[in-house]
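Scroll down for the structure; my scribbles are underneath it.
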2 protein chains.
Amino acid sequence: MTERLIQSIERAADVLELFLTNGPELSVKEISDKLQLSKSTVHGIIKTLEHRGYLQQNPEDLKYKLGIKLFTLGNFVGKHLDIGNIARPIIRELADEVNETVHLVTIQRDEVIYIEKVEGPRALTIYSHIGKRAPVHCTGVGKAILAHLSEKEVDRLLSAASLEAFTGYTMTDVNQIKKQLVTIRETGYAVDDEEIELGLKCIAAPIFNHKGNVIASISCAAPKMRLVEEKLPRVIAGIKSAAAEISKSLGYKGNNF
Amino acid sequence: MTERLIQSIERAADVLELFLTNGPELSVKEISDKLQLSKSTVHGIIKTLEHRGYLQQNPEDLKYKLGIKLFTLGNFVGKHLDIGNIARPIIRELADEVNETVHLVTIQRDEVIYIEKVEGPRALTIYSHIGKRAPVHCTGVGKAILAHLSEKEVDRLLSAASLEAFTGYTMTDVNQIKKQLVTIRETGYAVDDEEIELGLKCIAAPIFNHKGNVIASISCAAPKMRLVEEKLPRVIAGIKSAAAEISKSLGYKGNNF
DNA sequence: TTCTTTCATTCGCCATTGTCGAACAGCGTT
DNA sequence: AACGCTGTTCGACAATGGCGAATGAAAGAA
């Protein structure tokens, strides 16, 4: 199990990923400081990445930013993430119907990742974007997926995630979360009620592939005050049926349990 | 000018980019063959990239495909990258090839706006500059965009614009223009033949984003007398393929939904 | 102006790192 | 069972890339 990892590639990855967290433009010095590597080392890495189009230098201030090659590769990946293509029209329709923002996510490396987003017509926008990652334990989409994984997987994911508390409502007790997963399985949808961000509520439902495994989920996210009373049942029904429709398009045969 | 390039990063880039040309799933062997590297070397690179999320292995057939991290990075780039950067090298090349001025425009508030211009080597310069606005109904770039908008949008734009006649050739009848849009859709390019300025002819083609919407267009503009006979087909082919290339870089998947 | 500071970039040396060939381990086929 | 085809692991050696120091270039400060 001793994998042979190549240091310079890891370092290059460190450099690239630094841009995700530290803003779109960085100087050699900023990078070498953050990564604790010598300027000359960082310079070498950067020039190589630039040469390949993974970074590009701004001639004005000599700073660097992520390059077009990444955009090309990213789009290629997106194209072959076929669930996105299938789900897109369906969630778009749902977003129109409920007048709210709808997200599509999958689970990857212990976290939830947003692969599609349709903004509702209402201007008030939720902070999220395609490619964003979020924890599983305190998002509707995360819990919708968790609820349909094996006990073993759930344990792994909940222990890997540090169960950070983002708000006073975030659940940080594994058993408490597991208990909720039962309800989610029974009702067919998951709720995130200000567990990751105050004022934000989400209703989510799972998506299954042709083998019957959960591979994704969708959610409707809105300011808490908008998901109430008469509207809530409509949103729940909408999310559940949209999720079911996507599952069906993916070849899922139905819920036999 | 002797840049110090780091080999293993270049090799990692080679691996990633191989997926762009050789299909979405490759095995270790396929990669090592194509790159003429030993299996163990490739294996090391791949495992590193996989470890970082740049590749992922399909547990079924053990083949690898591009990973989600690239998706994340690509979307980040997309958000901070404007079309100008993507298009610039492509239209520059085109300008060299056809020896004429090439423009890139988008549509903004009912008008066309020039966001990039590459002058051809020939001195005779067309009056235009970055930031300039022009009407949609009598420019090649405007019509190329119009042709791919919804009927509703077209109506709105053509009524908002006053359909001013700049020359004796300017079309001012909505129905006449709409008829021409059909031809533009069929042939894939638009022509402006002295419709905005006497003696000026343009050949334009539309640019689509990843969602399949027109967001821009490019054109080759030249004195009418230079766009004739043998040269015209070359220019048309050049403009169309450059536009297609830009669209592709933007994630446009092709015209089959 | 001239001196100072701050970065980006280049260079040469040496230890570290990654490459290769070979061996091992699974799996399906003959 | 033996073979052929993979993906994966291992050890040894040499090329490679990392570091510190030098250079260049630009922007302030005196």
Side-chain angles (χ1 to χ4, degrees), chain A residues 1-19 21-69 80 109 211, chain B residues 1-19 22-69 80 85:
Chain A
M1 200 52 194
T2 34
E3 267 163 15
R4 190 113 168 208
L5 298 178
I6 297 177
Q7 225 185 52
S8 44
I9 296 178
E10 293 251 319
R11 290 185 172 166
D14 284 337
V15 169
L16 293 178
E17 288 158 34
L18 208 59
F19 286 86
T21 53
N22 293 63
E25 275 209 8
L26 298 173
S27 67
V28 174
K29 178 129 205 326
E30 285 171 312
I31 297 171
S32 68
D33 284 352
K34 302 258 187 218
L35 298 183
Q36 314 232 61
L37 291 170
S38 74
K39 267 193 301 170
S40 40
T41 302
V42 169
H43 188 255
I45 295 169
I46 284 179
K47 279 298 166 195
T48 310
L49 290 170
E50 185 191 21
H51 180 243
R52 286 313 206 101
Y54 291 76
L55 288 178
Q56 63 186 86
Q57 190 173 30
N58 181 346
E60 307 266 314
D61 56 6
L62 301 181
K63 289 191 171 194
Y64 293 84
K65 60 181 177 178
L66 296 174
I68 300 194
K69 183 63 72 46
H80 294 275
R109 320 174 114 248
K211 293 181 188 164
Chain B
M1 200 53 191
T2 33
E3 267 161 14
R4 185 103 163 222
L5 297 179
I6 297 177
Q7 226 185 52
S8 46
I9 296 178
E10 293 251 321
R11 289 184 172 165
D14 284 336
V15 169
L16 293 179
E17 288 158 35
L18 208 59
F19 287 86
N22 294 62
E25 275 209 9
L26 298 173
S27 66
V28 175
K29 179 132 204 330
E30 285 171 311
I31 296 171
S32 68
D33 284 351
K34 302 258 188 218
L35 298 183
Q36 314 233 59
L37 292 170
S38 74
K39 265 194 305 171
S40 40
T41 301
V42 169
H43 187 254
I45 295 169
I46 283 179
K47 279 298 166 195
T48 309
L49 289 171
E50 184 190 20
H51 180 242
R52 286 311 208 102
Y54 291 76
L55 288 179
Q56 62 187 90
Q57 190 172 32
N58 180 346
E60 307 266 313
D61 57 5
L62 300 183
K63 290 190 172 196
Y64 293 84
K65 61 179 176 180
L66 295 175
I68 295 284
K69 182 63 72 48
H80 296 271
N85 290 323

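The basis for the numbers below is simple: all heavy atoms, side chains too, and nothing from hydrogens, waters or symmetry mates. First the proteins, then the strands, lettered A, B, ... as listed; each starts at 1. Predicted model, so just to flag it, every value in this text is computed and none were measured.
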| message | Does atom NZ (B:K63) have a neighbourhood of more than 12 heavy atoms from anything else shown, all under 6.0 Å? | response | yes

| Side chain A:K39, main chain A:V28, donor-acceptor under 3.5 Å | no

| query | Side-chain N or O of B:R11 less than 4.0 angstrom from OP1 or OP2 on C:dG18? | reply | no

| said: In whole Å, I'd like the distance from the CG atom of B:D14 to the C1' atom of C:dT19. | reply: 15 Å

| message | Between C1' on D:dT8 and CD1 on B:I31, what's the gap in Å once rounded to a whole number? | response | 14 Å

| query | With a 4.0 Å cut-off on heavy atoms, is A:S40 in touch with a base, just the backbone sugar-phosphate, or nothing at all? | reply | base

| note | When B:S27 and A:V42 are each assigned the nearest nucleotide of DNA chain D, the 5'-most assignment goes to B:S27

| field | Crowding at NZ, B:K65 (>12 non-hydrogen neighbours, <6.0 Å) | value | no

| request: Quickly work out the B:L37 CG to D:dT8 P distance and round it to whole Å. | output: 17 Å

| query | For the side chain of B:E50 and the backbone of B:L55, is there at least one donor-acceptor N/O pair under 3.5 Å apart? | reply | no

| Side-chain N or O of B:Y64 less than 4.0 angstrom from OP1 or OP2 on D:dT8? | yes

| With a non-hydrogen cut-off below 4.0 angstrom, is B:Q57 in contact with a base, only sugar-phosphate, or nothing? | sugar-phosphate

| Could you state the CD1-P distance from A:I45 to D:dG17, rounded to the nearest angstrom? | 11 Å

| task | Among the candidates C:dT9, C:dG18, D:dG7, find the nucleotide nearest to the side-chain atoms of A:Q7. | result | C:dG18

| request: Whole angstrom is fine here: how far is it from CG in B:L5 over to P in C:dG18? | output: 17 Å

| message | Output the rounded distance in Å from CG (B:L55) to P (D:dG7). | response | 14 Å

| message | Quick check for you: among D:dG17, D:dG7, C:dT19, whose closest atom lies nearest to any side-chain atom of B:I6? | response | D:dG17

| task | Can you tell me the distance, in whole Å, between the NZ atom of B:K63 and the C1' atom of D:dC5? | result | 13 Å

| remark: Comparing A:S8 with A:K29, nearest DNA chain C nucleotide closer to 5' gives the residue A:K29

| query | Rounding to a whole Å, what distance do you find between A:H43:NE2 and D:dG20:C1'? | reply | 16 Å

| Nearest to the side chain of A:S38 - D:dG20, D:dT8, C:dT9? | D:dG20

| query | If you check the A:K39 side chain, which of C:dT9, D:dT8, C:dT19 turns out closest? | reply | C:dT9

| message | Is it the case that the side chain of A:T48 and the backbone of B:I6 share a donor-acceptor pair, with hydrogens and angles ignored and the cut-off at 3.5 Å? | response | yes

